[in-house]
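Before I ask anything, let me first share the structure, which is written out below as structure tokens.
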2 protein chains.
Amino acid sequence: MHTALAATASLPIQGPALLTGVPSFRPEREAVIVGAIRAFTKDEEIFAEGDRTVFVYKVVSGAVRTCKLLNDGRRQIASFHLPGDFFGIETGEEHRFTAEALGNTTVIKYRRGSLDTLPTGGEALSRQIIAAMMRALERAQAHMLLLGRKSAVEKIAAFLLDLAERETDHGHIDLPMSRTDIADYLGLTIETVSRTLTQLERQGIIAMPAQRRSIVLRNTAALQHLDS
Amino acid sequence: MHTALAATASLPIQGPALLTGVPSFRPEREAVIVGAIRAFTKDEEIFAEGDRTVFVYKVVSGAVRTCKLLNDGRRQIASFHLPGDFFGIETGEEHRFTAEALGNTTVIKYRRGSLDTLPTGGEALSRQIIAAMMRALERAQAHMLLLGRKSAVEKIAAFLLDLAERETDHGHIDLPMSRTDIADYLGLTIETVSRTLTQLERQGIIAMPAQRRSIVLRNTAALQHLDS
DNA sequence: CGCAAGATTGAGGTCGTTCAAATAAAGTGG
DNA sequence: CCACTTTATTTGAACGACCTCAATCTTGCG
């Protein structure tokens with residue numbers, strides 16, 4: 001499913017958006033206020049920390065990471081955004097973090113009102129943005145608990161369960177991100193991520209067929225138990 | 001005590017909202033749209049994870065912590081709220097975290113609209129809430145970087161600088177919270193917090209007069225450098 | 001004063017990191 | 001399509017930052 005999305009996504013997309021599969025997406029209303037669609041390739045920057053906040057974005061296909069950097073290069077990924085997710089919502093004049101495509105990715109851009117934080121385009125979209133912002137806040141709070149208080153296994157277990165729930169096929173995950181991305185998301189090193197995954201594989205809780213870019217949850221209950 | 005809350009808060013809120021500058025607190029203007037004021041004592045619960053989201057709160061005096069718990073008791077404090085800060089903003093029907101008073105604390109409660117997340121009381125208050133939510137999100141993102149990627153010294157340095165900036169006297173901090181709270185906020189143990197503080201004291205970067213409940217920043221530049 | 005709770009300090013252990021090497025996957029150009 | 005390079009991932013061994021456990025000291029309070 002992700003591979004299929006990615007493949008079509010590299011094609012030039014034009015004309016009005018005709019998307020459907022997105023949760024609570026209503027074409028007849030969106031059509032009026034739809035922004036530009038743009039495609040990005042792997043690791044391409046969508047916006048950087050410090051850029052003017054001109055747009056609000058929504059993932060159409062592919063996936064996006066938003067992250068912050070320390071001056072010595074240490075990185076923390078705040079969140080991964082899958083199709084249907086908004087990102088780039090900011091109150092200030094400048095973006096507080098960087099957004100990059102994980103692979104071939106297409107996004108819709110909505111132009112922000114100049115003095116307002118919410119995009120031009122009507123009440124319904126504003127409401128969607130506010131809801132997205134709240135969801136982001138909730139996720140951030142849950143993620144703080146993970147970063148501050150969970151062990152490596154617990155982090156990985158939580159991560160897999162979360163991804164499984166967000167992707168279409170709940171028992172099978174297509175990882176759109178590298179081990180480095182996972183590590184920078186969970187506050188670990190790539191080595192620990194790798195070791196923990198193989199440990200879970202040896203315990204029969206997960207399976208990693210095909211280039212270890214996809215993961216099958218063989219024992220969700222065990223994972224939930226590990227998540228503490 | 002929750003019944004008491006509900007009773008006092010059902011006072012009608014009226015009058016047009018006139019607030020503009022969000023960060024500054026202006027009592028004479030607040031008075032128009034004020035909700036119920038309530039006082040809490042040390043460690044008293046303002047609301048708990050799972051409670052119905054009936055109100056949005058603002059700190060008047062004292063300080064509040066919002067936190068999440070793991071089933072085995074591990075705790076992560078998401079944020080400390082000082083006078084003027086909003087908290088308890090949620091999208092769902094239930095609070096996703098617990099809020100408790102750090103010491104003697106008074107808060108204003110604004111009643112939430114029933115179907116809407118935003119409080120009744122006018123456009124301007126809604127706008128304030130949205131702004132507060134965005135600030136919370138920004139802080140959360142910065143805090144994720146701290147929790148996931150910073151060392152103990154860096155965490156403490158960042159914490160002290162942040163508090164100093166938020167409190168009135170920027171060179172002198174009155175800690176409203178215990179070492180345990182600090183530890184649970186920074187993802188450390190109390191022992192590490194204590195050790196790191198004495199280490200900074202020995203280096204002459206900070207001073208801790210009077211029962212170690214107040215901290216003087218003697219070398220802000222050094223602290224900023226440590227924050228990385 | 002005497003007790004309870006909070007904070008500091010010390011000693012030792014552990015989980016995750018760091019450094020290093022091997023293996024696997026993905027490009028690249030012929 | 002195949003050697004060759006480059007990049008990502010896995011695995012191993014040793015180290016270290018922070019934690020755990022435990023004792024001491026301090027502070028607040030009946």
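Any value given below was found using the heavy atoms of this structure, including those in side chains, with hydrogens, waters and symmetry copies removed. Keep in mind it's a predicted model, so treat the numbers as computed, not measured. To find a chain, count down the sequence lines: A is the first, B the second, and so on, and within it residues start at 1.
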Select from A:E191 and B:I190 the residue whose nearest nucleotide in DNA chain C is closer to the 5' end of that strand.
->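 On the 5' side of the pair lies B:I190.
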Below 3.5 Å, does any donor atom in the side chain of B:R213 face an acceptor in the base of C:dG6, or the other way round?
->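 Answer is no: no donor-acceptor pair is held.
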Among C:dG16, C:dT18, C:dA11, which nucleotide sits nearest the side chain of B:R195?
-> C:dA11
With axes from five pairs an end, tell me the bend angle of the helix from C:dC1-D:dG30 to C:dG30-D:dC1, nearest 10°.
->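 End-to-end axis angle: 40°.
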Answer with base, sugar-phosphate or nothing: what part of the nucleic acid does A:T192 contact at a heavy-atom distance below 4.0 Å?
->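 The answer is base, as A:T192 lies within the cut-off (heavy atoms under 4.0 Å) of a base atom.
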Report yes if a side-chain nitrogen or oxygen of A:R179 is closer than 4.0 Å to either non-bridging phosphate oxygen (OP1 or OP2) of D:dT10; otherwise report no.
->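 Affirmative; the distance criterion is met.
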Out of D:dT9, C:dT18, C:dG16, minimum distance to the side chain of A:S178 belongs to D:dT9
Within the structure, does a side-chain N or O atom of B:T198 lie under 4.0 Å from either OP1 or OP2 of C:dT9?
->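 Yes.
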Sequence neighbours left out, what pairs pass ring pair (Phe, Tyr, Trp, His ring centres under 6.0 Å) with at least one residue falling in residues 137-161 of chain B?
->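 Every ring pair (Phe, Tyr, Trp, His ring centres under 6.0 Å) pair that includes a residue of residues 137-161 of chain B, provided the two are not neighbours, is B:H143-B:Y185, B:F159-B:Y185.
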So do A:I77 and A:M177 actually touch side chain to side chain, heavy atoms under 4.5 Å?
->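 The answer is no, as the side chains (C-beta and beyond) never meet within the 4.5 Å cut-off.
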Short side-chain N/O contact to D:dT9 OP1/OP2 from A:S194, under 4.0 Å | no
Residue pair B:S194 / B:R179, side-chain donor-acceptor N/O under 3.5 Å = no
Between B:R149 and B:D43, which is nearer to the 5' end of DNA chain C once each is assigned its nearest nucleotide?
->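 Closer to the 5' end of DNA chain C: B:D43.
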Identify whether the distance between the nearest side-chain nitrogen and carboxylate oxygen of B:D43 and B:R65 falls below 4.0 Å.
-> yes
Hey, can you tell me if A:F47 and A:F97 have their rings parallel, tilted or perpendicular (30° and 60° cut-offs)?
-> tilted
For B:L188, answer base if it contacts any base atom (sugar-phosphate contacts may also be present), sugar-phosphate if it contacts only those atoms, and nothing otherwise; contact means non-hydrogen atoms under 4.0 Å.
->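 Counting heavy atoms under 4.0 Å across all strands, the contact made by B:L188 is with sugar-phosphate only.
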Would you please classify the geometry between the A:Y57 ring and the A:F87 ring as parallel, tilted or perpendicular, with 30° and 60° separating the classes?
->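 Ring orientation, 0 to 90° scale: parallel.
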